[in-house]
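Numbered from 1 within each chain, the chains take letters A, B, ... in sequence-line order.
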2 protein chains.
Amino acid sequence: MRRSGKKQRYHHGDLRAALLDTAVELIAERGIDAFSLAEASRRLGVAVSAPYRHFADREDLLAAVAVRACDVLIAAVTAEGAGATTPAEALAAAARGYVRFGVEHRALFDAVFGSTLDRPRHPELIHASAPLKEAFLGPALRLSDDDPDAAAALAVAVATTAHGHALMAQLGAFGTRGAVELAVARAGFATLALVAGRTALPPLPNGMHLDTPDAPRPR
Amino acid sequence: MRRSGKKQRYHHGDLRAALLDTAVELIAERGIDAFSLAEASRRLGVAVSAPYRHFADREDLLAAVAVRACDVLIAAVTAEGAGATTPAEALAAAARGYVRFGVEHRALFDAVFGSTLDRPRHPELIHASAPLKEAFLGPALRLSDDDPDAAAALAVAVATTAHGHALMAQLGAFGTRGAVELAVARAGFATLALVAGRTALPPLPNGMHLDTPDAPRPR
DNA sequence: GTCTATATCCCGATAGAC
DNA sequence: GTCTATCGGGATATAGAC
C-alpha cells in the first residue's frame, strides 16, 4: 500500500527507508552535491528535523546510500559475467556491468564515487565495496596463470578503463541515442584489447591490489 | 608586484583576471560545486557585487575558467608527446599528459569535466576543446594505416582509458605517495596494451569521432 | 518519532550612490 | 568599476513540546 499515493506521508512509517529512496531520487535529479535533507523532508511531507532521528547528519545519510549503492554495483558487475565461458569474456562482462551500472544508476554511482564522504568515518563503506575487486581479480587471475602480480596489473587496468567509460558516457561523450549500449559495448571491447595486449602491463609496485581509496584528496 | 601582499586588494586592478585565479584556488580547495562568487569576492577584498561587472553570472565565470583549463589540458596532452618516436609512444604520451593534468591540476580538470555548464550557452568552450581530439586521433591514424574508422575506435578507447586513470587517481585509488607518477605510468602502459590488442576494437557506429559532449545528462 | 520554532549561516542577484 | 544595502531564498542543526 505504500506506493498508492504520490504525496504519501511517512508519519510513523518507515521514514528511514523512505529517506534513502528519496535521496536516490533527488541525487538523480540534481546531483549529489545539491542534495539536501531539507528538500528530501519536504518531498516526504515531514519536518526538516525528522531525519535527524534516523541519521546523525547529512553525511551519514549519504554514506548509507553509498553502502546500498555498493551492493547494487557489485550485483551488476557479477551478474553480467554469470554466463561467460572464457576468463577474458568474464572480465569483459565485469567491465560491461560496471559501465551499465554507471549509466543506468547514475545516482548510485555518484553516491559511491562522486561524493566527498569522510570514508574513515564510515568503515561500513569500505567493507561494502570489498567484493568489487574480486569480480575483476578472479578472471584476471585465471588469465594470468595464477600470477598474482600480472593479474593485479590487468585487473586494475580493466577496472580503471571501465570507470573511464562510465564517466565518459555520463558526460555524453557517447552521444544520446543508444549511448548506454554503445558505452557498455565499447568497455567490453576495450577490455578484450587490454587482455590481448596485456604483456604491455608491468606489475604494480608493492603488491598494490585495486584497493578502495583510503585517503582521497581532501575536500 | 601583484604577488607581494596576501590580502591584495584589486580595487581598480585587473579584477577579471584576479577572479579567475581565485576561482581556481577555491575550486581546488573545496570543489567546483562549492565555489561561490561571494567567497571569491571576500578573498579578493571586493564587494560581492563587483564580479558582476566582469561576468554575467556565476556560470559565466566558471565557463571562462573552463576555457582557460582547456588550453592547459591541450598543452599538457601535446607537450608530453613531443619527443615520441613511434605513433604508439605518442599515443601513450598523450594519455600520460592527460592523466598528469588531471591529478596536478584537479581544479582545472573539474572545470572542464566536473561542472554542469550549459554548454550550448558557451560556444567558446566547444571551440576551446576541439584540438584535444587531434592529439589522440593523429597518432591513432598513423597506427591504423590511415584507416579513419580504426583510428577513431582506438583514439576513443585510449582517451577514455586515460580519463578513467585520471578519475581513479583523484579518488585515491593509486594510493597517496607517488600516486601521480603511478597513475601517469599506468595510463601509458594501458595505452600500449590497447594498441597491442587494438584488433579487438571494432569500428564505432556512424563515424563517431570523440566529439565533445554536446548534450550531457541534464542536471 | 515527529512537530514547531528558531538560531545561524551562506548564496545569487539587483538597485542605486559615488 | 566598485561600494553599500538589500531582497529573497535555502541550508544544517538544535531545543523543546507532544
Side-chain angles (χ1 to χ4, degrees), chain A residues 2 5 7-23 25-27 29-66 110-111 114-118 121-122 219, chain B residues 2 5 7-23 25-27 29-66 110-111 114-118 121-122 219:
Chain A
R2 173 148 325 137
K7 291 284 185 180
Q8 193 80 26
R9 302 297 164 115
Y10 282 84
H11 296 220
H12 302 282
D14 191 350
L15 180 57
R16 190 192 149 91
L19 280 167
L20 292 178
D21 289 343
T22 302
E25 276 181 29
L26 290 176
I27 293 167
E29 291 170 18
R30 327 223 301 192
I32 198 159
D33 288 301
F35 167 78
S36 77
L37 287 177
E39 190 170 356
S41 304
R42 239 177 285 125
R43 192 167 289 203
L44 287 170
V46 300
V48 295
S49 59
Y52 291 92
R53 280 288 142 183
H54 303 277
F55 301 98
D57 53 23
R58 187 192 111 111
E59 177 169 324
D60 200 47
L61 188 155
L62 288 179
V65 173
D110 286 0
S115 83
T116 56
L117 293 180
D118 183 19
R121 239 188 75 182
H122 303 276
R219 267 203 181 154
Chain B
R2 173 146 327 138
K7 290 286 184 179
Q8 193 81 25
R9 301 296 165 116
Y10 282 85
H11 296 221
H12 302 283
D14 191 351
L15 179 57
R16 190 191 147 91
L19 279 166
L20 292 177
D21 289 343
T22 303
E25 277 182 28
L26 289 176
I27 293 167
E29 291 171 18
R30 325 221 304 193
I32 197 159
D33 288 301
F35 167 78
S36 78
L37 287 177
E39 190 169 357
S41 304
R42 234 177 289 127
R43 192 167 290 203
L44 286 170
V46 300
V48 294
S49 59
Y52 291 92
R53 281 287 141 184
H54 304 277
F55 301 97
D57 52 22
R58 187 192 108 111
E59 177 168 325
D60 200 46
L61 187 154
L62 288 179
V65 174
D110 286 1
S115 82
T116 57
L117 293 180
D118 184 19
R121 241 188 74 183
H122 303 278
R219 272 210 177 149

Heavy-atom closest contact (A/P51 atom, A/S41 atom, distance): CG-OG, 3.2 Å
Contact summary for B/Y52 and B/L37, nearest pair of heavy atoms: OH-CD1, 3.5 Å
Gap between atom NE2 of A/H122 and atom CG of A/L117 - 0.5 Å precision: 5.5 Å
Distance in Å, A/E39 CD paired with A/R30 CZ, rounded so as to fall on 0.5 Å steps: 4.0 Å
For A/H54, the option from A/L61, A/L15, A/L20, A/D14 that meets side chain to side chain contact (heavy atoms under 4.5 Å, CB included): A/L15
What N/O pairs connect the protein and nucleotides 11-14 of chain D at under 3.5 Å? Give each pair on its own line.
residue	atom	partner	partner atom	Å
D/dA11	OP1	A/S36	OG	2.9
D/dA11	OP2	A/R42	NH2	2.2
D/dT12	OP1	A/L37	N	3.0
D/dT12	OP2	A/L37	N	3.4
D/dT12	OP2	A/A38	N	3.0
D/dA13	OP2	A/Y52	OH	3.2
D/dA13	OP2	A/R58	N	3.2

Whole-Å gap separating [atom2] ([N]) and [atom1] ([X]):
| X | N | atom1 | atom2 | value |
| --- | --- | --- | --- | --- |
| B/D33 | D/dG10 | CG | P | 18 Å |
| B/L26 | C/dG12 | CG | P | 11 Å |
| B/R53 | C/dT14 | CZ | C1' | 11 Å |
| A/L19 | C/dT2 | CG | P | 9 Å |

Sugar-phosphate, base or nothing in reach of A/A50, heavy atoms under 4.0 Å: sugar-phosphate
Under 3.5 Å: donor-acceptor pair, side chain of B/E59, backbone of B/D118: yes
